[in-house]
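Notes for the one structure printed next.
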Amino acid sequence: MPELKKYPLGRIRNIGIIAHIDAGKTTTTESVLYYTGKTYKIGDIDSGNTQMDWMEQERERGITITSAATTCFWKEHRINIIDTPGHVDFTAEVERSLRVLDGAVVVFDGKMGVESQSETVWRQADKYKVPRLCFINKINQTGGDFYKSLDSIKERLTPNAYPLQLPIGFEKELKGAIDLVSMKAYTYTDFHADNLTEEQIPSGLLEKAKEYRKKLVEKVVEYEDFAMEKYLAEGDNFSKDELSKLIRKAVIAGDFFAVIGGDGRGIAATLVLDAVVNFLPSPLDVPSVRGINPKTNSEETRNASETEPFSALAFKIQTDPYVGRLTYFRVYSGKLTAGSYTLNSAKNEKERIGRILLMHANHREELKEIIAGEIGATVGLKNTFTGDTLCDEKNPIILESIKFPEPVISVAIEPKTKADQEKLGTALKKLAEEDPTFKIRTNTETGQTLIAGMGELHLEILVDRMKREFNVEANVGVPQVAYKETINEIVRQEGKYIHQSGGRGQYGHVYIRIEPLKRGEGFIFKDEIVGGAIPKEYIPGVEKGIREALENGVLAGYPVVDVLAALYDGSFHEVDSSEIAFKIAARGAFREASKAAKPALLEPIMKAAVTTPEEFLGEVIGDLLSRRGKIESTETKNNIKIVYGFVPLSTMFGYSTILRSLTQGRASFTMEPSHYEEVPANLVETVAKRELKR
C-alpha cells in the first residue's frame, strides 16, 4: 500500500468546479489534471475520453451526470477536486458537494456570461457560505467577451466581483493575461503551451490595467484596518505578497469574488490552479464544524485538527461494480484508520471501516488512514447513507445533514418478466440509496410502483443504469407530474377503532387536529396529550398511522404535505389497546379530517429560461403564456433574447419539440424546480380523473 505524502492542513484545498451545463467545467478540470501531472493528455468530451466523465451515459451524452472526485498536487499543495454536473436534473450532486467543500471555482461561458443554472449553483454556494473564484471560460471563441461576462456577473449575481487578471487580445487573438497583483503580463503562443512567458504589460493596456488594479485595491483594503490606513496614507504601495494576502482574506470572507478568464482547454488552467492555492481557503481558514451531542443535546464544535475526536460527514453513496457500495465522506476532525470501528451517530450504530480509498473518478488508491481536512471513500458500510455523521464512539456528535429538493416528476415502472421482479426491487433500492432525489413509492390504490425524480433526463438515466448495471428490463410509463395535496383549514376529528373477535380485542381512540402549514414546511406531528389520556407507548402508533395516511391524499391519491397534525385527546382500554389499534384509529381520523379541511392539489412550478433569436421572441412568449406561464423578464445577449419566467411542469412535456418547430430549431431552454402552487380549481377534477384512470 503506497504511502501518500502528508500535507499540512494549510496546504490542502477542497474545491468544487460548478457551472451551467456546457460552460466548460469538465474540460477545465481535465486541463487541471494534465498540468498537475495527474494525466498524460487532456481528455476531450466530444471524443468521450475524459477522466472525470467516466460513466457510459456521460460519455455517450457528453454531459456530467454524477459528481466525480479526484486529487492532484500543485506547487506543494494538495487539491481535492469535485467536478459536478451542470444539468439541473442532477442538482443534488451539486448540493451535496458544496456541503462538504471549502471553496469553489464557478465556470462561466464567456460567450453567454451568467446563465440560468449559473444562478442556481451560485445560490447553492451562497446557502453553504462557500468562498468562490470565477473563471470566465471560452473568451478566445467567437462571441467570447471577458468584460461583458464580468458585467453580467456583477448585474445578476454580485456587485463584489473584481478581476485579478485582464485578457491580452480578443476572441481568437487571445494570447495571455495581465496579472493585476504582480502587474506583469503572461503570454503564450498557443493555448496548449506548456508554460507562460512573463513580460511587461503592453503599453496599450497599461492604463486599463492601472484602472482595474485601483478598483481591486480599493475594495480589498476594506477587509483589513491597517491596510486601509496604509492605503489612505500612502496610496497603492502594496507588494505582490501584501496584495495577495489581502485578496485571500477578502475571498475567504465569502462576499468578495475574484475573477479570472481564459481558455479552459489549455495553459489558462495553470492560472486557475495558482488562484486556487493562493486565494481559496484551506480547512484551517473555514469556521470549525458544529454539531449536536446526541447524549446531552447540546451544541459542540470540532476543529480541523488531527488531535481532535474523529468526525466526518457521509455525502455520497455509489455502487461500484468492482468493490461494491462506496461511501464518500469528508473528515472534519481527527483521523480514521483502516480496520477500525466508528459510530454512525445518526443511526446510533457501529460501522467497521474496512478499506479507505482515495478516489480518482472511478479509479481507486488504497490508504492506511485519512485525517482531518481530507475527502475519501470507504467500502462496505451497511447502514450509512447520505447526510449521516461518522464519529468517535466516545465523543459522539451529529453534524448538520444535507437537505435535498423534492422530486417533481414520476413514472410508473414494472418488470418485463417474472425473473426481473426481484431484481427490480434490488436495483431501485440501490439507486435510491445513491440518489436522495430519487424516490420510490407504491400507489396503494392501484398497486403500481412509481419512481420519482428531478426531470425526464434524470429518470431516463436511472432506468438506463438499471438495465446496464443491474440487468433489469422494465416497462416504463409516460412521465407524470409529481403532484402533491395539502389542506386549507383547521379541522378537529375523532377516530376510533374497536374490534372484538372472541379473544383479546383491539381498542384505539384519538382526537386529532390538523392545520395547514406554509408551503415547503412538510409535516409536523405534535403530542399534546396531558394527564395520561393516552399512554406514551401508544403515541408512536398514532404518528405512524398519520404518516401512512399522508402517503395517499383524499383528492387523487397524491402525497399530502405542509400539514401539522396534533394529538390532543383520546382514551384507551387497559387490556384491548395496542399500538396497531391506535395506528388504525389515527389513520382513519386523518383521512376524515382531510376531507373536511378544504383539500387542495399542488403542482410543481418550474423556473424556465428560453434562449431564442430575436425574430422568434413573440412566438416563444405567446407559447409560454398559453402554457399558464408567467414571464418574469427578458434579456439580450449577443443578438439573442433570453426569456425568464415560471411555468407549470404539467404543461412542459414535449416542449423541446414544440420549441424547435417554433424557432426553426434555433432556440433552446433550461428549467429547474422552483416551488409548488395550488392547481387552478377548474383543473383539479381533470387531474383527479386522470389519476383514477391510471
Side-chain angles (χ1 to χ4, degrees), residues 65-66 85 87-96 314-319 325 346 383-388 401-415 424-466 469-470 472 474-486 519-523 544 546-553 556-563 601-606 649-650 653 672-676 687 691 694:
I65 291 167
T66 182
H87 197 288
V88 69
D89 280 19
F90 309 105
T91 188
E93 293 288 336
V94 184
E95 192 83 21
R96 61 170 147 211
F315 67 93
K316 180 178 168 71
I317 306 296
Q318 182 181 312
T319 304
R325 191 169 180 269
N383 296 306
T384 299
F385 298 95
T386 300
D388 286 354
S401 192
I402 313 170
K403 291 191 174 77
F404 294 100
E406 283 293 309
V408 294
I409 188 171
S410 67
V411 294
I413 189 166
E414 58 183 32
L424 177 68
T426 305
L428 291 177
K429 181 172 177 285
K430 285 188 175 177
L431 290 169
E433 284 174 0
E434 283 189 30
D435 187 345
T437 59
F438 176 56
K439 305 285 186 193
I440 309 155
R441 77 179 181 98
T442 303
N443 187 320
T444 51
E445 313 277 325
T446 64
Q448 270 186 323
T449 299
L450 299 173
I451 57 173
M454 300 308 296
E456 290 180 79
L457 179 63
H458 185 203
L459 292 180
E460 186 188 316
I461 296 289
L462 286 164
V463 171
D464 190 39
R465 284 188 62 197
M466 206 165 59
E469 294 171 33
F470 301 97
V472 179
N475 295 317
V476 180
V478 178
Q480 303 288 332
V481 175
Y483 290 100
K484 296 190 185 300
E485 297 185 23
T486 191
R519 207 62 68 236
E521 288 191 4
F523 169 67
K544 280 180 197 166
I546 293 172
R547 285 190 181 276
E548 279 184 16
L550 288 170
E551 289 174 15
N552 297 98
Y558 290 108
V560 182
V561 295
D562 304 336
V563 175
L601 201 60
L602 300 173
E603 64 178 343
I605 304 297
M606 311 299 283
L649 174 61
S650 60
F653 291 124
E672 62 178 292
S674 173
H675 60 282
Y676 271 80
V687 174
E691 178 61 17
R694 288 173 66 211

Geometric cation-pi criterion Arg441 and Tyr558, 6.0 Å radius, 45° cone: no

Spacing of CD belonging to Gln480 relative to CG belonging to Leu450, to within rounding of 0.5 Å: 8.5 Å

salt_bridge(Glu548, Lys544) N-O dist < 4.0 Å: no

Least distance between heavy atoms, Leu459 atom then Ile451 atom: CD1-O, 4.1 Å

Verdict with supporting geometry, Phe470 and Thr426, side-chain contact (heavy atoms from CB on, under 4.5 Å): CA-CA 9 Å; Phe470 301 97; Thr426 305; 5.7 Å; no

Test log, rule side-chain contact (heavy atoms from CB on, under 4.5 Å), inputs Ile317 and Arg325: CA-CA 7 Å; Ile317 306 296; Arg325 191 169 180 269; 3.8 Å; yes

CD1 on Ile409 to OG on Ser650, rounded to 0.5 Å: 11.0 Å

Rounded distance (nearest 0.5 Å) linking atom CZ of Phe404 with atom CG of Asp435: 8.5 Å

For Ala427 against Met466, the heavy-atom pair lying closest together: CB-CG, 3.6 Å

Contact check, side chains of Val481 and Pro604, non-hydrogen atoms, under 4.5 Å: yes

Point-to-point distance, once rounded to the nearest 0.5 Å, from CG of Leu602 to OH of Tyr483: 11.0 Å

Nearest non-hydrogen partners of Leu431 and Leu462, listed with the distance: CD1-O, 3.7 Å

Residue pair Lys316 / Arg96: nearest heavy atoms and the distance that separates them: CA-NH1, 3.8 Å

Main-chain N/O of Pro407 paired with Thr437 side-chain donor or acceptor, under 3.5 Å: no

Pro673 versus Met606, closest heavy-atom pair with distance: N-CE, 3.5 Å

Nearest heavy atoms of Ile413 and Leu424, plus distance in Å: CD1-CD1, 4.2 Å

Nearest-0.5 Å distance that lies between atom OG1 in Thr486 and atom CZ in Phe523: 12.0 Å

Lys430 and Glu469: CA distance, side-chain angles, deciding distance, salt bridge (charged side-chain N to carboxylate O under 4.0 Å, His left out) verdict: CA-CA 11 Å; Lys430 285 188 175 177; Glu469 294 171 33; over 6 Å; no

Spacing of Asn552 atom CG and Glu485 atom CD [to the nearest 0.5 Å]: 8.5 Å

